[in-house]
2 protein chains.
Amino acid sequence: MQVLGEHIDHPSADTIYEEVRKFLPRISLGTVYRNLEIMSESGSILKLETGGSIKRFDPNTHSHPHFRCVKCGSIEDLPFGIDSSMFAGTDEDWIKGRKVQSLHVEYTGLCADCNGNTKS
Amino acid sequence: MQVLGEHIDHPSADTIYEEVRKFLPRISLGTVYRNLEIMSESGSILKLETGGSIKRFDPNTHSHPHFRCVKCGSIEDLPFGIDSSMFAGTDEDWIKGRKVQSLHVEYTGLCADCNGNTKS
DNA sequence: AAGCTAATAATAATAATTATCATTAAATAT
DNA sequence: ATATTTAATGATAATTATTATTATTAGCTT
């Protein structure tokens, strides 16, 4: 299972299911979901709750910004880091009793492919 | 319809449906979705594609960060602005043929209520 | 090998959203 | 004012991604 942690991209559960099937043909989708959930809880992968309706999983477990294509739905990493201090650093009054767990920065638009190939 | 643009919070389509029903009892959920979509396309409201599985709508149309409670699912505004220059400003090489349309910053964790009320 | 435990496959259930389509209402022309 | 065209609506069905259920299988432990 961990074998598929070597993804550069951000596969959906369904994509992972298809790939694992290649060498575990009898595996069920439920098992894939269950184990992805376990792995994301244990911290070995990241569950991305991005915009769009699909959950995706990311072997890169440190917080980094993404670009989501509104046309094809692909998620790409962006080459810069983020941390909370970028916006809230100097003044953290806003926390006000909340427990902050994570930060997600997401750009949306058209990926290079979709931007080049079609204009609508 | 526009009457419900006066929300301070970030209602889901279902919440809006319930509220519109109070004075248009015969309206259907499909109509609500359809018109929310039209309004978000015309730019009079914002469709928030946040993490979590629910789409929410926001009368505040300028880009601002949100806090999503992983327990109760509520979305709150955070009191600071964001703009692209915060991370990518100095070096925009990353754009590389993409067409950037919007930026969404989302913190997740426990909201003040959920953080106070339960510890799991 | 018998008995206990935990993981799995197959399937059903759920939840949010989108699509369909006959019906109603609105707009325009006659 | 009424017939005709056009568009919006309500009711319902379909879709999609995910989660829950449950009987079965497989892995250990003695």
Side-chain angles (χ1 to χ4, degrees), chain A residues 1-5 7 9-42 44-59 66 68-75 102 104 106 108 120, chain B residues 1-5 7 9-42 44-59 66 68-75 102 104 106 108 120:
Chain A
M1 204 62 175
Q2 304 285 69
V3 183
L4 281 184
H7 253 265
D9 57 346
H10 305 81
S12 65
D14 205 65
T15 305
I16 294 165
Y17 174 55
E18 291 303 333
E19 294 194 17
V20 180
R21 253 165 173 278
K22 288 176 188 161
F23 50 96
L24 290 176
R26 304 187 46 73
I27 202 171
S28 82
L29 187 53
T31 304
V32 171
Y33 271 105
R34 182 161 10 88
N35 287 308
L36 285 170
E37 190 60 36
I38 291 166
M39 291 198 273
S40 76
E41 272 167 20
S42 81
S44 56
I45 63 170
L46 214 68
K47 177 165 60 170
L48 300 182
E49 308 212 353
T50 64
S53 48
I54 311 170
K55 247 169 221 164
R56 289 166 178 278
F57 298 87
D58 193 339
H66 292 107
R68 175 168 58 93
C69 179
V70 296
K71 188 159 193 295
C72 71
S74 70
I75 307 277
S102 70
H104 184 233
E106 180 175 300
T108 59
S120 167
Chain B
M1 205 62 172
Q2 303 285 70
V3 182
L4 280 185
H7 254 265
D9 57 346
H10 307 79
S12 65
D14 205 65
T15 305
I16 294 166
Y17 175 54
E18 292 303 335
E19 294 194 17
V20 180
R21 254 164 172 279
K22 288 177 187 160
F23 51 94
L24 291 176
R26 304 186 47 74
I27 202 170
S28 82
L29 187 53
T31 304
V32 171
Y33 270 105
R34 183 157 9 87
N35 288 307
L36 285 170
E37 190 59 36
I38 291 167
M39 290 198 276
S40 76
E41 273 168 19
S42 80
S44 55
I45 62 172
L46 215 69
K47 178 165 59 172
L48 301 182
E49 306 212 354
T50 64
S53 49
I54 310 170
K55 248 171 220 163
R56 291 169 178 274
F57 298 87
D58 193 339
H66 293 108
R68 176 168 57 93
C69 179
V70 295
K71 188 158 192 292
C72 71
S74 70
I75 308 278
S102 70
H104 184 234
E106 179 175 299
T108 58
S120 168

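Within every chain, numbering begins at 1; the chains are lettered A, B, ... in the order of the sequence lines, protein sequences first and strands thereafter.
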Can you tell me how far [atom2] of [N] sits from [atom1] of [X], to the nearest Å?
X     : N      : atom1 : atom2 : result
B:Y17 : C:dA16 : OH    : P     : 14 Å
B:E37 : C:dT18 : CD    : P     : 6 Å
A:Y33 : D:dT21 : OH    : C1'   : 17 Å
B:I27 : C:dT23 : CD1   : C1'   : 16 Å
B:L36 : D:dT9  : CG    : P     : 12 Å
A:I54 : D:dA17 : CD1   : P     : 5 Å
A:R21 : C:dA9  : CZ    : C1'   : 11 Å
A:L29 : C:dA7  : CG    : C1'   : 16 Å

Is there side-chain contact between [X] and [Y], with heavy atoms separated by less than 4.5 Å?
X      : Y     : answer
A:D58  : A:H66 : yes
B:K47  : B:K55 : yes
A:H104 : A:T50 : yes
A:Y33  : A:E37 : no
A:E106 : B:E49 : no

- Message: Students often get this wrong, so: under 4.0 angstrom with heavy atoms, is A:R34 touching a base, only sugar-phosphate, or nothing?
- Response: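 If one applies the 4.0 Å heavy-atom cut-off, A:R34 turns out to touch a base.
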- Query: Out of D:dA11, C:dT17, D:dT18, which has the shortest distance to the side chain of B:S28?
  - Reply: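 Closest nucleotide to the B:S28 side chain: D:dA11.
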Using OP1 and OP2 only, check whether a side-chain N or O of [X] sits under 4.0 Å from [N].
X     : N      : answer
A:K55 : D:dT19 : yes
B:N35 : D:dA8  : no
A:S53 : D:dT16 : no

- Message: Reading DNA chain D from 5' onward, which residue's closest nucleotide shows up sooner: B:R26 or A:G30?
- Response: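 Final value for this comparison: B:R26.
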